[in-house]
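Reviewing the structure listed below.
In this text, all values refer to a predicted model and were calculated from it rather than measured experimentally.
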Amino acid sequence: MAKAIPEDLIDQIRTSVNIVDVIGQYVQLKKQGKNFFGLCPFHEEKTASFSVSESKQIFHCFSCGRGGNVFKFLMELNHIEFPAAVKQIADFASIKIPTEYSETNSGATQNSEQGQLIKLYDQAAKLYTHVLLNTEMGQQALDYLHGRGLTDEIITKFQLGFAPGEQLLKEFFDEKKLDYQLLRQSGLFIEDQQGNLRDRFRGRVMYAIKNPQGHVIAFSGRILNKADSQAKYINSPETKIFSKGDVLYNFDIARSAIRKEKRAILFEGFMDVIAAYQSGVVNGIASMGTSFTNDQIYLLQRTTTQLDICYDGDDPGQAAINRALEAFGQNSRLKLSVIEIPDKLDPDEYVRQHGFEQFKEIVQSARLTPTAFKLVYLKRDFNLNNEADQVTYIELALNEISHLGSTVEQDLYLNQLSKDFGVQTRDLAQQLRQIRSQQSITNHQQQATQNPPQTISREYHRQQVKLGKVEIAEERLLNYLLYDHNVWLKLTGLPDFHFVHEKYQTIYMLASGYFENHDSYDSAAFMDFVHDNELQNVIAELDLQDLDDENIDQAVNDYVKVIMAEAPLSQQIASKTKSLNEAKKMGNTELQQKLAIELIDLYRQRQGA
């Protein structure tokens with residue numbers, strides 16, 4: 001059994017990285033003042049409230065309240081245990097953890113069901129790739145992929161494989177004597193009425209689907225020899241480690257390039273992504289199907305500012321582009337554009353016919369704005385030699401143009417319409433103003449009929465929760481005493497002092513143990529010492545406050561007075577509440593009423609404090 005990683009090694013690993021660099025791989029951060037801000041990776045939001053302090057090496061979300069150091073970030077994001085997070089940061093910093101410690105959880109908790117499923121998929125992916133590259137069974141599939149221009153290096157990079165017609169995977173896992181229920185729930189097998197399992201994927205080229213951390217969590221299998229009764233592609237069912245609405249194909253490989261180039265390219269198919277990568281376009285991704293979920297859109301918004309959509313050039317591909325633009329909507333934080341592939345080809349076909357360099361040129365230069373694409377796309381439904389169709393098309397085109405916020409862009413497309421149809425630009429502009437006026441009226445009517453907003457959740461809007469005078473004093477005093485040793489000595493010299501709220505008192509007591517082995521306070525190190533998730537959130541929130549450094553003594557005295565004055569009142573409330581609960585158990589209605597009135601009076605006194 002592996003030993004616990006020593007504290008000094010944990011400190012070395014944590015201090016060897018910059019938290020901004022680590023979090024910057026997952027969140028698009030911009031510096032504002034002393035800190036960096038971005039969209040929170042733990043919940044959806046439109047305004048960036050996720051803060052990272054480079055000087056203190058901690059993060060905190062002012063909206064959902066999560067906070068901590070670099071280990072805590074990975075634990076929350078990847079749903080892993082502390083040792084696994086330490087190992088990931090050690091790998092990032094190229095620090096080798098001795099073998100006696102390194103066997104500790106290296107992924108999602110090794111003994112958890114999720115960890116076992118990930119291990120299962122990893123073994124399956126390796127088996128499929130081995131069959132493809134090294135066996136006679138896989139030769140036909142290998143010839144097919146080579147024929148599509150893929151090298152063995154690219155096949156290995158993307159963990160492509162082949163599932164033969166035999167029950168290879170089931171026999172492979174049977175030899176390992178793996179748990180039947182685990183295999184049954186993995187999605188790798190189909191269960192018959194007798195409970196027997198057989199391989200889900202047979203006779204198919206296998207595409208490994210990975211999560212953002214690079215673990216294989218699902219497969220998509222393409223039939224090698226098409227039969228009328230078989231679907232061209234079949235995908236893994238959703239499991240505890242795979243939900244197709246959360247996943248973007250190749251995001252694990254492309255993420256660093258996307259962040260570097262501040263641009264992602266969305267392709268329609270897996271082969272398009274792979275062909276683009278082999279061409280040197282390494283920031284390509286694909287969705288699991290052409291429909292988009294909010295989770296996928298938000299993942300992209302956290303990572304980049306620009307998204308180019310590069311689907312097939314044929315009619316179904318163009319329709320898919322239109323649906324994708326509608327999915328992202330008018331209010332997307334992403335700047336969208338469309339890459340048009342000539343000759344109605346898909347990207348993979350274009351690469352094979354015209355080569356890498358020409359494809360790279362198309363990706364760099366053949367970009368349309370969403371409005372330009374829409375105006376071209378709308379023409380498909382009309383005979384523009386017919387005047388009635390012309391009028392209808394112009395009305396629809398003006399409706400598209402009306403959504404643009406820039407008058408320069410509006411003028412550009414109005415001039416284009418004027419040139420195409422011989423209509424005066426001023427007449428088009430007048431009609432556009434009428435459309436925008438009607439849209440404004442409709443929007444106001446919709447807002448007026450909407451229900452008033454519901455009560456705001458504390459979890460996701462902590463910044464809107466007003467703290468009482470006492471709790472504000474506790475937060476600021478605790479912050480002072482952690483960072484200023486003179487304040488710490490003063491507080492610990494007051495025998496009757498204690499914090500009113502339990503969470504602050506607990507942090508105060510834990511700090512006593514921390515300072516026994518540490519000469520100075522480091523919030524990132526203290527969080528590892530504390531362990532408790534909720535207390536770490538509180539510490540992060542405290543740490544990002546701005547305090548007055550000039551009048552510390554006066555501020556500390558004032559905060560102590562507020563807290564000490566409140567302490568007896570809190571004790572009275574606790575005692576009265578206990579008595580009220582006992583009266584309820586006894587069914588003494590008269591006593592309940594009396595105690596309730598007294599309790600209300602005490603709460604009023606606290607609010608007035």
Does [Y] offer a backbone N or O that forms a donor-acceptor pair with the side chain of [X] under 3.5 Å?
{"X": "Gln278", "Y": "Thr151", "answer": "yes"}
{"X": "Arg148", "Y": "Asp143", "answer": "no"}
{"X": "Ser279", "Y": "Ala275", "answer": "yes"}
{"X": "Asn235", "Y": "Ser220", "answer": "no"}
{"X": "Asn283", "Y": "Ala254", "answer": "no"}
{"X": "Glu340", "Y": "Ala366", "answer": "no"}
{"X": "Glu268", "Y": "Ser287", "answer": "no"}
{"X": "Gln57", "Y": "Asn69", "answer": "no"}
{"X": "Ser186", "Y": "Leu188", "answer": "yes"}
{"X": "Asp312", "Y": "Leu345", "answer": "no"}

Is the closest side-chain heavy-atom distance between [X] and [Y] below 4.5 Å?
{"X": "Val216", "Y": "Ile209", "result": "no"}
{"X": "Ser16", "Y": "Ile95", "result": "yes"}
{"X": "Leu133", "Y": "Thr156", "result": "yes"}
{"X": "Ile234", "Y": "Ile223", "result": "no"}
{"X": "Tyr277", "Y": "Ile154", "result": "yes"}
{"X": "Gln28", "Y": "Thr303", "result": "no"}
{"X": "Met271", "Y": "Leu150", "result": "yes"}
{"X": "Leu300", "Y": "Leu248", "result": "yes"}

Could you measure the distance from the [atom1] atom of [X] to the [atom2] atom of [Y]? Nearest 0.5 Å is fine.
{"X": "Lys360", "Y": "Ser365", "atom1": "NZ", "atom2": "OG", "answer": "12.5 Å"}
{"X": "Ile309", "Y": "Leu325", "atom1": "CD1", "atom2": "CG", "answer": "4.0 Å"}
{"X": "Leu299", "Y": "Thr304", "atom1": "CG", "atom2": "OG1", "answer": "11.0 Å"}
{"X": "Lys96", "Y": "Lys87", "atom1": "NZ", "atom2": "NZ", "answer": "8.5 Å"}
{"X": "Leu29", "Y": "Arg259", "atom1": "CG", "atom2": "CZ", "answer": "6.5 Å"}
{"X": "Leu178", "Y": "Glu175", "atom1": "CG", "atom2": "CD", "answer": "11.0 Å"}

Are [X] and [Y] close enough that a side-chain donor and a side-chain acceptor fall under 3.5 Å?
{"X": "Gln140", "Y": "Asn225", "answer": "yes"}
{"X": "Lys210", "Y": "Gln159", "answer": "yes"}
{"X": "Gln185", "Y": "Thr239", "answer": "no"}
{"X": "His60", "Y": "Asn537", "answer": "no"}
{"X": "Arg302", "Y": "Tyr298", "answer": "no"}
{"X": "Glu45", "Y": "Ser49", "answer": "yes"}
{"X": "His130", "Y": "Thr135", "answer": "no"}

Please work out which of the three classes, parallel, tilted or perpendicular, describes the rings of [Y] and [X], given edges at 30° and 60°.
{"X": "Tyr207", "Y": "Phe270", "answer": "tilted"}
{"X": "Phe73", "Y": "Phe50", "answer": "tilted"}
{"X": "His518", "Y": "Tyr514", "answer": "parallel"}
{"X": "Phe42", "Y": "Phe59", "answer": "tilted"}

Testing the basics here: between [X] and [Y], what is the closest heavy-atom pair and its distance to 0.1 Å?
{"X": "Phe162", "Y": "Leu132", "result": "N-CB, 3.8 Å"}
{"X": "Gly214", "Y": "Asp252", "result": "CA-OD2, 3.7 Å"}
{"X": "Ser523", "Y": "Asp543", "result": "OG-OD2, 2.9 Å"}
{"X": "Pro342", "Y": "Tyr350", "result": "CD-CE1, 3.8 Å"}
{"X": "Ser236", "Y": "Phe242", "result": "O-CE2, 3.4 Å"}
{"X": "Asp522", "Y": "Ala524", "result": "OD1-N, 3.0 Å"}

* To do: Show your working on side chain to side chain contact (heavy atoms under 4.5 Å, CB included) between His354 and Ile362 and close with a plain yes or no.
  => CA-CA 11 Å; His354 298 281; Ile362 288 287; over 6 Å; no
* Could you walk me through whether Thr47 and Leu39 pass the side chain to side chain contact (heavy atoms under 4.5 Å, CB included) test, one step at a time? => CA-CA 7 Å; Thr47 303; Leu39 293 174; over 6 Å; no
* Heavy-atom count around Gln181 CD within 6.0 Å, excluding the residue itself: above 12? ->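 Yes, the 6.0 Å shell around CD holds more than 12 heavy atoms from other groups.
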* Asked: Is it the case that more than 12 heavy atoms not belonging to Lys240 sit under 6.0 Å from its NZ atom?
  ->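 Atom NZ in Lys240 is not packed in, count stays at 12 or less.
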Does [X] come within less than 4.0 Å of [Y], counting only side-chain N to carboxylate O?
{"X": "Arg66", "Y": "Glu76", "answer": "yes"}
{"X": "Arg14", "Y": "Asp528", "answer": "yes"}
{"X": "Glu191", "Y": "Arg184", "answer": "yes"}

* Asked: Only one of Lys335, Lys262, Arg367 forms a salt bridge (Lys or Arg N to Asp or Glu O under 4.0 Å) with Asp308, so which one is it?
  ->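 Option passing the salt bridge (Lys or Arg N to Asp or Glu O under 4.0 Å) with Asp308: Arg367.
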* Does the side-chain hydrogen bond (donor to acceptor under 3.5 Å, both in side chains) test come out yes or no for Gln296 and Asp246, once each step is laid out? -> CA-CA 6 Å; Gln296 290 168 324; Asp246 298 340; over 6 Å; no
* Asked: For the rings on Phe292 and Phe328, is their centre-to-centre separation under 6.0 Å?
  ->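 Between Phe328 and Phe292, which both carry aromatic rings, the centre distance is below 6.0 Å.
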* Asked: Given Arg204 and Arg222, is the side chain to side chain contact (heavy atoms under 4.5 Å, CB included) satisfied, shown in steps?
  -> CA-CA 5 Å; Arg204 293 180 179 271; Arg222 185 196 188 279; 5.6 Å; no
* To do: Apply the test ring pair (Phe, Tyr, Trp, His ring centres under 6.0 Å) to residues Phe267 and Tyr311: give CA-CA distance (whole Å), side-chain angles for both, the deciding distance (0.1 Å), then the verdict.
  => CA-CA 5 Å; Phe267 293 102; Tyr311 283 0; 8.6 Å; no
* Asked: Can Phe201 and Tyr128 be said to form a ring pair (Phe, Tyr, Trp, His ring centres under 6.0 Å), step by step?
  -> CA-CA 10 Å; Phe201 300 100; Tyr128 289 142; 7.1 Å; no
* Chi angles and distances behind the side chain to side chain contact (heavy atoms under 4.5 Å, CB included) call for Gln167, Arg202 -> CA-CA 8 Å; Gln167 295 286 345; Arg202 298 169 66 184; 3.3 Å; yes
